[in-house]
Enquirer: 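First the structure, then my questions, so here it is.
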Amino acid sequence: MLIDLIRQRVHSAFVEMGIDASAIGPKESIQIDTPKNRKFGHYATNFPFVVSGKVKRPPLDLASKAAEIIDRDIFSKIEAVKPGFINFTLKPETLQSTIAEITAAGAEYGKTAFGGGKRIQVEFVSANPTGPLSVGHGRLAAFGDTLASIISSAGFDVQREFYVNDVGNQIENLSKSVELRCKETLGETIDPEQLGYKGEYLVPIAKVFMAENGKEVFALPENERRAAMGEFAIRKMLAYQAETLKKFGIVFDVWFREHQLHDEGLVEKTLELLVSRSEAYEEEGAFWFATSRYKDDKDRVLKKSDGRPTYFLADMTYHNNKYQRGFDTVIDIWGADHHGYIDRMKSGVEAMGYDPARLEVLIVQLVRFKQSGDYVRMSKRAGNMITLDDLIEEVGTDMARFFFLTRSRDSHLDFDIELAKEKSEANPLFYLQYAHARICSLIAKGAESGLNYKDGGDLSLLKEEKELLLMKRLADFPVEIQSSATSREPHRLITYLTELAGDFHTFYHDHRVVAPEEPEISAARLGLCTAVRTVLANGLRLLGVSAPESM
RNA sequence: GCGCCCGUAGCUCAGCUGGAUAGAGCAACGGACUUCUAAUCCGUAGGUCAGGCGUUCGAAUCGCCUCGGGCGUACCA
């Protein structure tokens with residue numbers, strides 16, 4: 001990557017200047033930025049300021065000295081400037097070489113070995129199997145999926161996991177509700193107030209259950225009957241959720257069901273582990289975790305006085321299990337309504353003997369949905385929610401994913417469904433897709449005229465300002481992926497792609513690409529355009545958004 | 001009460017982990033299609049970065065306080 005090359009040269013210059021190694025620090029931490037103002041060149045570094053403080057020399061002096069001795073092989077201009085920045089302008093051939101690199105890598109361009117194959121698990125959505133996915137899950141789903149893709153591109157070994165919370169009160173409520181719906185299919189009148197889950201979606205499930213099992217099930221003992229009905233409903237709901245997610249472009253590697261932790265006795269073992277480590281104690285008939293020793297504000301119950309484990313204990317068991325499966329880092333993506341749980345979970349991980357830094361909890365702010373000017377209040381129990389399926393149907397997967405992914409996860413955003421549909425004509429999503437489609441059209445046009453980059457484009461002909469900027473942008477793609485991955489901020493990729501598309505549209509207006517009277521420059525430009533198309537396509541793929549060939 | 005998140009152009013949001021003159025898209029206004037897709041491009045206008053104090057060469061970014069909004073504070077999951 002170009003940035004590494006620049007770091008390398010800055011580093012050796014400072015070494016050559018006789019600066020102490022401890023003041024220079026590791027090469028990787030030298031900051032190389034793209035200046036906002038073009039007159040400052042392609043890249044700039046504030047490194048003289050960093051060193052200045054440590055060696056008590058004015059930054060501008062350091063900058064000037066360094067600018068003199070930095071190896072100029074890849075640069076056409078190196079400038080030490082005002083307060084103490086060093087600005088770099090790259091030689092055209094340096095930039096041109098990235099096109100060949102992109103052509104060679106194709107769909108792989110952007111991937112690096114940065115992560116060294118470290119194993120990371122991303123757990124997200126993990127909705128309860130008591131109903132369809134809501135539109136609120138959409139943001140979590142889009143965020144988690146694209147984050148996983150980006151981290152994977154940065155060279156980590158990533159697994160996508162969905163945790164199924166299929167034990168506890170909610171499941172009992174679900175079972176009771178299904179049972180009532182089953183009775184309903186037999187012609188009984190039921191009291192809607194008795195339904196824990198009032199949504200209509202349980203009706204077809206009950207019908208299928210009754211068709212497959214017959215009314216003899218009511219001869220079974222109540223707990224057995226309900227268990228069978230509950231399990232049946234859970235399986236149906238999971239299948240339905242998986243189908244919705246697939247439409248949304250997401251396939252999970254693992255669906256992990258909580259009940260297996262209980263069945264295998266692991267939950268009990270976790271409690272024993274904590275007691276043996278003196279992290280848990282018994283009081284008033286319950287077992288408590290001494291969470292307040294850590295970051296939490298008070299101790300938490302692990303096993304209730306009725307003998308049943310809390311959700312928290314099961315969740316600790318689940319996390320223990322994750323590390324035992326060999327993940328170096330575990331990323332949990334939660335909605336903001338769970339943020340109060342972070343300290344508890346991290347304390348739990350630490351108490352079990354793991355480095356809490358190996359658990360990253362990413363909070364995604366909630367989305368408020370607006371319909372006909374009003375905010376929609378949703379409740380799964382009341383059954384009045386907008387489902388993710390509804391959203392996909394209304395605005396499409398591309399638009400929905402793009403909308404969620406453009407914003408940083410900290411932003412509390414409003415989703416106006418009508419606006420998303422109406423404004424579709426002037427949406428930034430189309431700005432990206434249009435650039436891609438335009439290039440496809442250019443390439444087709446070139447082929448018609450017998451022009452083809454593959455037939456031998458001379459990239460050294462690409463020397464125009466707009467061309468150089470475009471190439472510089474292309475060279476940044478792998479860097480953007482790495483920084484999106486390490487900062488866990490997928491939205492940066494959209495900012496980047498929007499800028500890339502902008503650079504392309506501007507270039508397109510200034511320079512003719514397919515000009516049969518100038519076959520050489522045309523071939524070279526087609527090479528450049530093909531590279532832009534590759535990067536746009538690779539980027540859109542990470543977002544889970546389509547890259548149309550025509551619009 | 002306490003904790004987490006947010007407050008940037010009329011609207012929706014970026015701002016690369018402290019850098020150089022705060023940006024983009026909508027909306028507004030003015031231009032550019034007999035030539036590769038005008039879902040585009042070029043330009044104009046629009047800002048007390050909620051407010052205050054502090055940290056330093058330098059703050060939208062870091063710290064403290066105030067105001068305003070969202071969420072959370074279970075032997076629920």
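Just so it is clear: chains get the letters A, B, ... in the order the sequence lines come, proteins before strands, and each one is counted from 1.
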Enquirer: Using purine N1 to pyrimidine N3 plus N6-O4 or O6-N4 for Watson-Crick, or N1-O2 and O6-N3 for G-U wobble, both under 3.5 Å, which nucleotide pairs with B:rC26?
Expert: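 For B:rC26, the partner nucleotide comes out as B:rG10, under the 3.5 Å rule.
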Enquirer: Which one, B:rC75, B:rA74, B:rC36, comes nearest to the side chain of A:Val513?
Expert: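 Between B:rC75, B:rA74, B:rC36, the one nearest the side chain of A:Val513 would be B:rC36.
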Enquirer: State whether A:Tyr43 and A:Lys472 meet the cation-pi test: NZ (Lys) or CZ (Arg) under 6.0 Å from the six-membered ring centroid, and within 45° of the perpendicular axis.
Expert: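 A:Lys472 over A:Tyr43 ring: yes.
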Enquirer: Of all the nucleotides listed (B:rA74, B:rA38, B:rU17), which has the minimum atom distance to the side chain of A:Arg300?
Expert: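 Shortest atom-to-atom distance from the side chain points to B:rA74.
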Enquirer: Of all the choices, B:rU21, B:rC16, B:rU17, which nucleotide is nearest to the side chain of A:Lys39 once you look at every atom?
Expert: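 Between B:rU21, B:rC16, B:rU17, the one nearest the side chain of A:Lys39 would be B:rU21.
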Enquirer: Report the glycosidic orientation of B:rU40: syn if within 90° of 0, anti in every other case.
Expert: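 Nucleotide B:rU40 adopts anti.
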Enquirer: In terms of ring plane angle, is the pair A:Tyr341 and A:Phe312 parallel, tilted or perpendicular, where the classes change at 30° and 60°?
Expert: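 Because their plane-to-plane angle is over 60°, the rings of A:Tyr341 and A:Phe312 count as perpendicular.
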Enquirer: Would you indicate which nucleotide in B:rU40, B:rC6, B:rA14 comes nearest to any side-chain atom of A:Asp410?
Expert: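 In terms of side-chain proximity for A:Asp410, the closest of B:rU40, B:rC6, B:rA14 is B:rC6.
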Enquirer: The side chain of A:Trp288 is closest to which nucleotide in this list: B:rC75, B:rC13, B:rU17?
Expert: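 Of B:rC75, B:rC13, B:rU17, B:rC75 is nearest to the side chain of A:Trp288.
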Enquirer: Name the closest nucleotide to the A:Tyr431 side chain, picking from B:rA74, B:rC41, B:rC13.
Expert: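 Of the candidates, B:rC41 comes closest.
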Enquirer: Do A:Glu79 and A:Asn87 meet the criterion of a side-chain donor-acceptor pair at a distance under 3.5 Å?
Expert: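 No - no donor-acceptor pair under 3.5 Å links their side chains.
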Enquirer: Want to settle it: does A:Leu442 or A:Ser483 sit nearer the 5' end of RNA chain B, counting the closest nucleotide to each?
Expert: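 The 5'-side residue here is A:Ser483.
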Enquirer: Of all the choices, B:rG19, B:rG25, B:rG3, which nucleotide is nearest to the side chain of A:His339 once you look at every atom?
Expert: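 The closest nucleotide is B:rG3.
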Enquirer: Taking the six-membered ring of A:Tyr496 (Phe, Tyr or Trp), confirm whether the NZ or CZ of A:Arg492 is under 6.0 Å from its centre and within 45° of its axis.
Expert: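 Because its charged atom misses either the 6.0 Å distance or the 45° angle limit, A:Arg492 does not stack over A:Tyr496.
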Enquirer: Side chain of A:Asp337 only, please: which of B:rC75, B:rU12, B:rG72 is the nearest?
Expert: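 My answer, after comparing the listed nucleotides, is B:rG72.
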Enquirer: Any N or O donor-acceptor pair under 3.5 Å from the base of B:rC5 to the side chain of A:His412?
Expert: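 Yes, a donor-acceptor pair under 3.5 Å.
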Enquirer: Quickly work out the A:Asp297 CG to B:rU73 P distance and round it to whole Å.
Expert: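 Interatomic distance, CG of A:Asp297 to P of B:rU73: 11 Å.
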Enquirer: Syn if the chi torsion is within 90° of 0, anti otherwise; quick check, which is B:rC33?
Expert: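 Judged by the O4'-C1' to base torsion, B:rC33 sits in syn, the angle falling within 90° of 0.
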